[in-house]
Amino acid sequence: MLSRIDHVGIAVRDIDAAVDAYRRLLGRPPSHRQVVESDGVEAVMFEVGESRIELLGATGPNSKIAAFLERRGGGLHHVAYGTDDVQATLDELTGLGLPAIDSCPRRGAGGRLVAFLHPSAAMGVLTELCQPEPDASEPVG
Ligand code: CO
């Protein structure tokens with residue numbers, strides 16, 4: 001099942017300003033920065049112990065997070081839980097009647113398997129299930 005909080009996703013209007021703010025807050029540079037063209041998102045990861053902070057900026061008006069930024073102006077976007085088997089966890093949770101956005105896992109940033117539950121499953125917070133690659137050498141998400 002859900003074994004830990006893998007990362008917390010935070011949507012930001014200005015990714016460079018956000019990186020500066022979190023660099024000051026956490027006292028370290030980000031570990032990974034990646035543009036996911038298909039989602040129109042730039043993702044920046046900061047390591048915090050066994051968890052991460054994922055900053056998400058839009059690369060254009062067609063970005064997957066553009067509507068969220070427009071509606072809420074940024075802030076908590078999703079909580080990602082780590083699981084050893086994202087498909088089994090997704091099946092178990094949907095079997096309990098929780099609404100999902102994905103019916104099967106897909107490849108997220110860094111090639112990891114991810115699936116999303118609808119925000120209504122978690123009191124309005126988008127929920128990501130993510131499965132680390134067993135041989136992943138680079139922390140991404
Ligand atoms: Co994420």
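Just follow the structure's listing: the first ligand is 1, and inside any ligand the first atom is 1. Since the model is a prediction, treat every value here as computed from it, not as a measurement.
Within the 2.8 Å limit, E128 places at least one N, O or S atom next to the Co ion (ligand 1). When distances to the Co ion (ligand 1) are checked against a cut-off of 2.8 Å, C130 contributes no N, O or S atom below that limit.
No other N/O/S atom of H7 lies as close to the Co ion (ligand 1) as NE2 does. E54 contributes OE1 as its N, O or S atom closest to the Co ion (ligand 1).
Here E47 does not pair with R28 in a salt bridge; the nearest charged N to carboxylate O distance is not below 4.0 Å.
Listed by chain and residue number, nothing satisfies the side-chain hydrogen bond (donor to acceptor under 3.5 Å, both in side chains) test with R71 (two or more places apart in sequence, or in another chain).
When hydrophobic residues (I, L, V, M, F, W, Y) are linked wherever their side-chain heavy atoms come within less than 4.5 Å, the members clustered with L56 are V41, I65, L69.
Other residues, nucleotides and ligands contribute more than 12 heavy atoms inside 6.0 Å of the CG atom of D14.
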